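Structure, as structure tokens:
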Amino acid sequence: MTVSTALPISFGNAIGLSCRECGAHYDLGAAYACADCFGPLEVAYDFSGVRRDDITAGPTNIWRYAPLLPVPAAAAAAPNLNPGWTRLHSADRLAAELGMRKLWVKDDSGNPTHSFKDRVVAVAQGAARALGLTTLACASTGNLAHAVAAAAARAGMGSAVIIPSNLEAGKTVTTATYGGLLLAVEGTYDDVNRLCSELIGEEVTNGWGFVNVNLRPYYAEGSKSVGYEIAEQLGWRLPQQVVAPVASGSLLTKVDKSWRELADLGFVSPSDYRVFGAQATGCSPVAQAFDAGWDVVRPVKPDTIAKSLAIGNPADGPYALDAVRRTGGAVASVSDEEIVEGIRLLARTEGVFAETAGGVVVATLRALLADGRLDPDAETVILNTGDGLKTLDAVLAYGAPTAVIQPDADAVVDLLTNVP
Ligand SMILES: *Cc1c(COP(=O)(O)O)cnc(C)c1O
Ligand SMILES: [Zn+2]
């Protein structure tokens, strides 16, 4: 395979990869683990030339933050789905119901494939392009599969998506429709993830970029855009509390990182905030570690309707714990019944139909308020990361019409006069 060298490889203000554990420095490339200590690699930057005006002058999508991401300034020009700049709803009715003073919902269901995964894929796709990789691949709990297949289709790249075979139709059917290779594995997400690590280096996967494995340092940085947007949409300031769903723990970790960066750059005035993590009890390894006071996260076998969060062995679990403990937050979990109630509560108070992950967040918010760990008077943002249309099964039991009637006004009059 020949790779065009007409364009210089560019990762914008990124200057290398550095090990989170030992600080060892590496050149930018498709690497994700430290050769010395096996710690995860993270993108390192030189932000010295970045000004807030550069950002506010940018497009209304993720690429307005290109100066803070490992992408070239012209990232928006390459074919991609241009995700991001999703709505931040002031959630006054939900706040009133929960007895809170001020609450917002950052609604990432508004992304092109209806979950926040479009953000991480867009950044990983840019890295794949810069590195001359021609197939976008991933291990997925569902939403990433959808986002990778769509982004690859849009850019005319190949896609190779590997999922557990028990996913919702709303994830599998959507992914298959974009074309590309879709492999369903008889096993859990953790089996799928291990399989993908084993496939890297095989002859047949030459030219593949696994967005959340060998491109993970770039992929993970895409989640910072959620935090940047919240700060900018609040008028360049930070909220006091945030509740984020936790699967691998990457999103939570990166929202925290984004706010520290903005404060360091002087784009917001530094202020204290607390980061809370939300899990389903049926897959709550990070919440269990938090409760037990452990630094390590013990793997579990997932069993929950919140399949998008069903990672039993979360790669960034320890870093999510660090962020939560450093800021004085907590990680809590909720039952499948509470998740369904959370979806319905958000829908009927705010008109936002969340997938199960959003139900986890709303239910966890409620649980944290009930046990006094979250302050009802502090300004709070919750993240809805996916669209309820992808997980209809969760609310099917409540999905019937109020009544089935004849096309006849008397029938309606009769019905409404007899409703208790
Ligand atoms: C992937 C995903 C998450 C969590 O992502 P991590 O960064 O792995 O913790 C949250 N919500 C939805 C809907 C997802 O698809
Ligand atoms: Zn290291």
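Computed over heavy atoms, backbone and side chain alike; hydrogens, waters and symmetry mates excluded. Order of appearance sets the numbers: ligands from 1, and atoms from 1 within every ligand. It should be emphasised that the depicted structure is a prediction, and the values quoted were computed from it without experimental measurement.
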Rounding to 0.5 Å, atoms CZ (F38) and CD (E21) come to a distance of 13.0 Å

Looking only at side chains, do T304 and D336 share a donor and an acceptor under 3.5 Å apart? yes

So, 4.0 Å and heavy atoms of S115: is ligand 1 close enough to count as a contact? no

Going by the atom numbers of ligand 1, which of them fall below 4.0 Å from some non-hydrogen atom of S250? 6 (P), 7 (O), 9 (O)

If we ignore hydrogens and angles and just use 3.5 Å, is the side chain of E221 paired with the main-chain N or O of L69 as donor and acceptor? no

Among S248, G317, A354, which one has a heavy atom closest to atom 8 (O) of ligand 1? S248

Atom 11 (N) of ligand 1: the protein heavy-atom neighbour that sits closest, reported with distance to 0.1 Å: T385 OG1, 2.6 Å

Within the structure, does F116 bring an N/O atom to less than 3.5 angstrom of an N/O atom in ligand 1? no

What atoms of ligand 1 come closer than 4.0 angstrom to any heavy atom of S308? 13 (C), 15 (O)

Applying salt bridge (charged side-chain N to carboxylate O under 4.0 Å, His left out) to E42 and K254, what does each step give before you reach the verdict? CA-CA 11 Å; E42 240 196 341; K254 295 295 178 171; 3.1 Å; yes

Residue, atom and distance of the protein heavy atom nearest atom 1 (C) of ligand 1 read K117 NZ, 1.3 Å

For P245 and ligand 1, answer yes if some heavy atom of the residue is under 4.0 Å from a ligand atom, otherwise no. yes

Is D54 salt-bridged to R64, going by a charged N under 4.0 Å from an acidic O? no

Do the charged groups of R194 and E198 touch, with an N to O distance under 4.0 Å? yes

Looking at D256 and R326, is there a salt bridge between them, counting it only when a charged N and a carboxylate O are closer than 4.0 Å? yes

So, regarding L309 and ligand 1 (criterion: nitrogen or oxygen to nitrogen or oxygen, under 3.5 Å), is there a contact or not? no

Atom 4 (C) of ligand 1: which protein heavy atom is closest, and how many Å away? A247 CB, 3.6 Å

Can you confirm whether N193 sits close enough to V213 that some side-chain heavy atom of one is under 4.5 Å from a side-chain heavy atom of the other? yes

For ligand 1, does D316 get within less than 4.0 Å through its side chain, its backbone, both, or neither, judged by non-hydrogen atoms? neither

Atom 7 (O) of ligand 1 sits nearest the protein heavy atom L251 N, 2.8 Å

Inspect the contact between R51 and D53 and indicate whether a charged nitrogen and a carboxylate oxygen are less than 4.0 angstrom apart. no

Suppose you place the vertex at the Zn ion (ligand 2); what is the angle out to C19 SG and C22 SG, to 10°? 110°

Side chain, backbone, both or neither: N143 near ligand 1, heavy atoms under 4.0 Å: side chain

